A.B. asks: 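Quick one: structure below, then a few questions.
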Amino acid sequence: MADLKNRKDKFLTSSGIEVERVYEKATERNEKPGEFPFTRGIQTDMYRKRLWTMRQYAGFSTAEESNKRYHYLLKNGTTGLSVAFDLPTQIGYDSDHELADGEVGKSGVAIDSLKDIETLFDGIKLSEITTSMTINSTASILLAMYIAIAKKQGADLAQLSGTIQNDLLKEYAARGTYIYPPKQSMRIITDIFEYCTDAVPKWNTISISGYHIREAGSTAVQELAFTLSNGKEYLKAAIDKGLDINIFARRLSFFFNAHNNLFEEVAKFRAARRMWAHITKELGATDPKAQMLRFHTQTGGSTLTAQQPKNNIARVTIQALSAVLGGTQSLHTNGYDEALSLPTEEAARVAVRTQQILAFESGVTDTVDPLAGSYYIESLTDEVEKAAWKYIEQIDAMGGSVAAIEEGFMQKEIAAAAYKYQDAVEKKEEILVGVNKFTVEEEEREEILKVDDAIRNTQIEKIIALKGERDNTKVSQALSNLESAAKGTENLMPFILVAVESYATLGEIADVMRDVFGEY
């Protein structure tokens, strides 16, 4: 029997919302799936008609190695790819840069030029899949590379589908892979919005991310509030650029985390849709598709434990279930060994199978919003929403997300929440199974995936070969034209695409903008 001696007198969610002993009533709402404010889902039939996209976040070492993993995942039932890039790629350095030493291919795949992207997607028809790319500061360059290879494959760009994260505000607040100052970053982001409206109209031009805010230690309410506040800032920037909210807001998506408190997470997702519908409406959106919050979910990386790692399979299952019950449009389930290393093939397969079991064996996809009407869920949805609006009102009073970030408000709130949680774990007020309770003296050693440091040399050899083969006059002209555009007001995306297609490297393109915009 479980140890009940230390059970609490007062029960709180991760956000400090008190949980009542029993719920006997809830706010009555006459809401239907597929209708404003979309609390119950953005489609009338949800998963009865179409399951969520099953993604696996993957990328490591070289493009060749990652390509093999993508083919493996597609063979095992993944229905969309999600690309992880290494840190040098994320912050605009080629693999031969001195600051790239020790990081090439470690946290994701190394991409130095269009050649690498051609290898990464070798044998994969981009017209037949959707691809999510977790990339921010260099999102414009990676998107241009993706468009370039799609053109080479003969794909219809009007049908090309996928997502770039492209969310710099959360980088300043919680993660740190930014390059340029906020004002210049917002220019690049809105240039992407404008360019994609005509060039790749089905592409999701930004994935406004709460995931990394949560990974940095925020509560569920903070994740929701800060993410929606950032989204509001992007809407205003696009409107100021003259874009039609009823068109560009359709191509915005969100990226949320899923942690272990099942019901709070479900409530968070339901509240997110309702809140975003009101935010977009207040800013002038009249088209229901522009008012809908569509989101991808990833299970919580920070919840995974290195101790007794197979316990993480249960954690990931709970988190994935919350995302499905909350109405996610796509889902990535973490490998059970990711607290130790990048996932092994076995862990990646178990993660995919977890989604498939939920989809085909659990019955939770048979009806829309199955927890609707639960006294607890409906009450908790209201409480989460109320607490999130309180944060957004504070941020609005400061002048919006950029001002709040510059004042350090979001950073301080996240740090305080992270400290409070860690303190509770150390005092055993919060139980982590296998970590501060139910431990074992000696554990089985897991096989882990190791990335060879020698791959940096491989990447450097590729760069040297590329620079010897390409038309360097053409590259210089493309980079010069990009520099002129960056100094002016023209949309940067066409210039970046020309530079990419001339086989300028990612670092060369990023450096042009560094020289013009400066670094933050």
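For reference, positions follow the sequence shown, starting with 1. It should be emphasised that the depicted structure is a prediction, and the values quoted were computed from it without experimental measurement.
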A.B. asks: For the residue pair N67 and L120, what are the closest heavy atoms and their distance?
C.D. replies: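 Looking at all heavy atoms of both residues, the closest pair is ND2-O, 2.9 Å.
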A.B. asks: Using atom types as modelled and distance alone, determine if a side-chain donor or acceptor of S207 lies under 3.5 Å from a backbone N or O of Q165.
C.D. replies: no
A.B. asks: Hydrogens and angles aside, do D337 and T344 bring a side-chain donor and acceptor to less than 3.5 Å of each other?
C.D. replies: yes
A.B. asks: State the CD-CZ distance between Q298 and F256, to the nearest 0.5 angstrom.
C.D. replies: 14.0 Å
A.B. asks: Any side-chain donor-acceptor pair under 3.5 Å between T297 and T328?
C.D. replies: yes
A.B. asks: If every non-hydrogen atom of G300 is compared with every non-hydrogen atom of H259, which pair is closest and at what distance?
C.D. replies: CA-CD2, 4.0 Å
A.B. asks: Could you check whether H278 and F36 have their ring centres less than 6.0 Å apart?
C.D. replies: yes
A.B. asks: State which residue, out of F254, W276, F295, fulfils the ring-ring contact (aromatic ring centres under 6.0 Å, His included) condition with F269.
C.D. replies: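 Result: among F254, W276, F295, F295 is the only option passing the ring-ring contact (aromatic ring centres under 6.0 Å, His included) with F269.
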A.B. asks: Might you work through the side chain to side chain contact (heavy atoms under 4.5 Å, CB included) test for M493 and E194, ending with a clear yes or no?
C.D. replies: CA-CA 9 Å; M493 278 303 297; E194 184 180 54; over 6 Å; no
A.B. asks: Start with the C-alpha gap between M133 and T131, add the side-chain angles, then the distance that decides, and say whether side chain to side chain contact (heavy atoms under 4.5 Å, CB included) holds.
C.D. replies: CA-CA 6 Å; M133 295 190 283; T131 303; 4.1 Å; yes
A.B. asks: How about K281: does its NZ atom have over 12 heavy atoms from other parts shown lying under 6.0 Å from it?
C.D. replies: no
A.B. asks: Do we see a donor-acceptor contact under 3.5 Å between the side chains of K202 and Q159?
C.D. replies: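 Looking only at side-chain atoms, Q159 and K202 do form a donor-acceptor pair, the distance falling under 3.5 Å.
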A.B. asks: Any carboxylate oxygen within less than 4.0 angstrom of a Lys/Arg side-chain nitrogen, looking at K487 and E483?
C.D. replies: yes
A.B. asks: With side chains defined as the heavy atoms from C-beta onward, is the minimum distance between S185 and E171 less than 4.5 Å?
C.D. replies: no
A.B. asks: Quick one: pull up CG in D96 and CG in D101 and give me the separation to the nearest 0.5 Å.
C.D. replies: 11.5 Å
A.B. asks: For M186 and E233, work out which heavy atoms get closest and say how close.
C.D. replies: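 Between these two residues, the closest heavy atoms are CE-O, 4.1 Å.
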A.B. asks: Test side chain to side chain donor-acceptor pair (under 3.5 Å) on S401 and S229 and set out the steps.
C.D. replies: CA-CA 6 Å; S401 280; S229 180; 2.8 Å; yes
A.B. asks: Looking at R456 and E103, is there a salt bridge between them, counting it only when a charged N and a carboxylate O are closer than 4.0 Å?
C.D. replies: no
A.B. asks: Does E265 pair with K268 as a salt bridge, N-O distance under 4.0 Å?
C.D. replies: yes
A.B. asks: Would you call the rings of Y172 and Y520 parallel, tilted or perpendicular, where under 30° means parallel and over 60° means perpendicular?
C.D. replies: perpendicular
A.B. asks: Do I245 and L283 come close enough that some side-chain heavy atom pair is under 4.5 Å?
C.D. replies: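 Contact flag for I245/L283 side chains = yes.
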A.B. asks: Could you verify whether a donor N or O on one side chain and an acceptor N or O on the other, from E223 and S218, lie under 3.5 Å apart?
C.D. replies: no
A.B. asks: At what distance, to the nearest 0.5 angstrom, does CD1 of I460 lie from NE2 of H97?
C.D. replies: 12.0 Å
A.B. asks: Ring centres of Y391 and F226 under 6.0 Å apart?
C.D. replies: yes
A.B. asks: Checking T354 side chain against V350 main chain: does a donor-acceptor pair fall under 3.5 Å?
C.D. replies: yes
A.B. asks: Can you confirm whether the side chains of Q291 and T280 place a donor and an acceptor under 3.5 Å from each other?
C.D. replies: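 Side chains of Q291 and T280: no pair found under 3.5 Å.
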A.B. asks: Heavy atoms, side chains only, cut-off 4.5 Å: are I463 and L466 in contact?
C.D. replies: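 Sidechains of L466 and I463: no contact.
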A.B. asks: Would you please test H332 and S82 for side chain to side chain contact (heavy atoms under 4.5 Å, CB included) and show each step?
C.D. replies: CA-CA 8 Å; H332 162 70; S82 185; 5.7 Å; no
A.B. asks: Any idea which heavy atoms bring R294 and Q329 closest together, and the distance?
C.D. replies: CA-OE1, 3.3 Å
A.B. asks: Rounded at 0.5 Å granularity, tell me how far OG1 in T219 sits from CD in Q222.
C.D. replies: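 With rounding to 0.5 Å, OG1 (T219) is 3.5 Å from CD (Q222).
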A.B. asks: Are T89 and D86 close enough that a side-chain donor and a side-chain acceptor fall under 3.5 Å?
C.D. replies: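 Result is yes, a qualifying pair exists.
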A.B. asks: Could you state the interatomic distance from OG1 (T78) to NE2 (H71), rounded to the nearest 0.5 Å?
C.D. replies: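 Result: 13.0 Å between the selected atoms.
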A.B. asks: Among I135, D94, I117, whose side-chain contact (heavy atoms from CB on, under 4.5 Å) with I111 holds?
C.D. replies: I117
A.B. asks: Please check if any side-chain donor atom of E64 sits under 3.5 Å from a side-chain acceptor atom of T119, or the reverse.
C.D. replies: no
A.B. asks: Keeping the roles fixed (side chain from N204, backbone from L252), state whether a donor-acceptor pair exists under 3.5 Å.
C.D. replies: no
A.B. asks: Counting distance only, does the side-chain N/O of R55 pair as donor-acceptor with the main-chain N or O of L81 below 3.5 Å?
C.D. replies: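 Judged by distance alone, yes, a pair lies under 3.5 Å.
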A.B. asks: Does a side chain donor of either Q459 or D112 reach within less than 3.5 Å of an acceptor in the other side chain?
C.D. replies: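 Present: a donor and an acceptor within the cut-off.
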A.B. asks: Could you check if a side-chain atom of I192 sits within less than 4.5 angstrom of a side-chain atom of N166, using non-hydrogen atoms only?
C.D. replies: yes
A.B. asks: Decide yes or no for L87 and Y93: does some side-chain heavy atom of the first lie under 4.5 Å from some side-chain heavy atom of the second?
C.D. replies: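 No, their side chains stay 4.5 Å or more apart.
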A.B. asks: Counting C-beta onward and ignoring hydrogens, is there a side-chain heavy-atom pair between H296 and Y211 closer than 4.5 Å?
C.D. replies: no
A.B. asks: Is it true that a side-chain atom of N76 and a backbone atom of R349 form a donor plus acceptor pair closer than 3.5 Å?
C.D. replies: no
A.B. asks: Can a donor-acceptor pair be found, under 3.5 Å and without considering hydrogens, that links the side chain of T130 to the backbone of G162?
C.D. replies: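 Judged by distance alone, no pair lies under 3.5 Å.
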A.B. asks: Do the side chain of R251 and the main chain of T205 share a donor and acceptor less than 3.5 angstrom apart?
C.D. replies: no
A.B. asks: How about Q90 and R175: does a side-chain donor come under 3.5 Å of a side-chain acceptor?
C.D. replies: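 Yes, a side-chain donor-acceptor pair sits under 3.5 Å.
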A.B. asks: Just do the side chain to side chain donor-acceptor pair (under 3.5 Å) check on Q477 and N481 with the steps written out, would you?
C.D. replies: CA-CA 6 Å; Q477 186 60 57; N481 291 343; 2.9 Å; yes
A.B. asks: Any carboxylate oxygen within less than 4.0 angstrom of a Lys/Arg side-chain nitrogen, looking at K68 and E65?
C.D. replies: yes
A.B. asks: Do D116 and K462 meet the salt-bridge criterion of a basic N to acidic O distance under 4.0 Å?
C.D. replies: yes
A.B. asks: OG/S140 to CG/L497 distance, rounded to the nearest 0.5 angstrom?
C.D. replies: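 Going from OG on S140 over to CG on L497, the span is 11.0 Å.
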A.B. asks: Could you go step by step and tell me if V500 and Y146 meet the side chain to side chain contact (heavy atoms under 4.5 Å, CB included) rule?
C.D. replies: CA-CA 10 Å; V500 159; Y146 196 85; over 6 Å; no
A.B. asks: Could you check whether any side-chain N or O of R187 sits under 3.5 Å from a backbone N or O of K183, counting only pairs where one atom can act as donor and the other as acceptor?
C.D. replies: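 Not at all, since once roles are kept as given, no pair shorter than 3.5 Å links the two residues.
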A.B. asks: I'd like to know if the side chain of D167 and the backbone of I208 have a donor-acceptor N/O pair within less than 3.5 Å.
C.D. replies: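 No.
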A.B. asks: For Y503, does the six-membered ring have the charged nitrogen or CZ of K115 within the cation-pi criterion, i.e. under 6.0 angstrom from the centroid and within 45° of the normal?
C.D. replies: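 Cation-pi check for K115 and Y503: passes.
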A.B. asks: Taking C-beta and beyond as the side chain, do E345 and R69 meet within less than 4.5 Å on heavy atoms?
C.D. replies: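 Of all side-chain heavy-atom pairs linking R69 with E345, at least one is under 4.5 Å.
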A.B. asks: Using 4.0 Å as the upper bound for N to carboxylate O, is an ion pair formed by K241 and D191?
C.D. replies: yes
A.B. asks: So, N136 versus K170: side-chain donor-acceptor pair below 3.5 Å or not?
C.D. replies: yes
A.B. asks: Identify the heavy atoms of A388 and A225 that sit nearest to each other, and give their distance.
C.D. replies: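 Result for this residue pair: O-CB, 3.6 Å.
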A.B. asks: In terms of side-chain geometry, is the basic nitrogen of E508 or R470 positioned less than 4.0 Å from the acidic oxygen of its partner?
C.D. replies: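 Salt bridge between E508 and R470, a charged N being under 4.0 Å from a carboxylate O: yes.
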A.B. asks: Examine distances only and state if a side-chain atom of E519 and a backbone atom of P181 form a donor-acceptor pair shorter than 3.5 Å.
C.D. replies: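 Not a single qualifying donor-acceptor pair exists.
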A.B. asks: Check whether any side-chain heavy atom of L142 sits under 4.5 Å from a side-chain heavy atom of L506, and report yes or no.
C.D. replies: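 In short, these two side chains touch, coming nearer than 4.5 Å.
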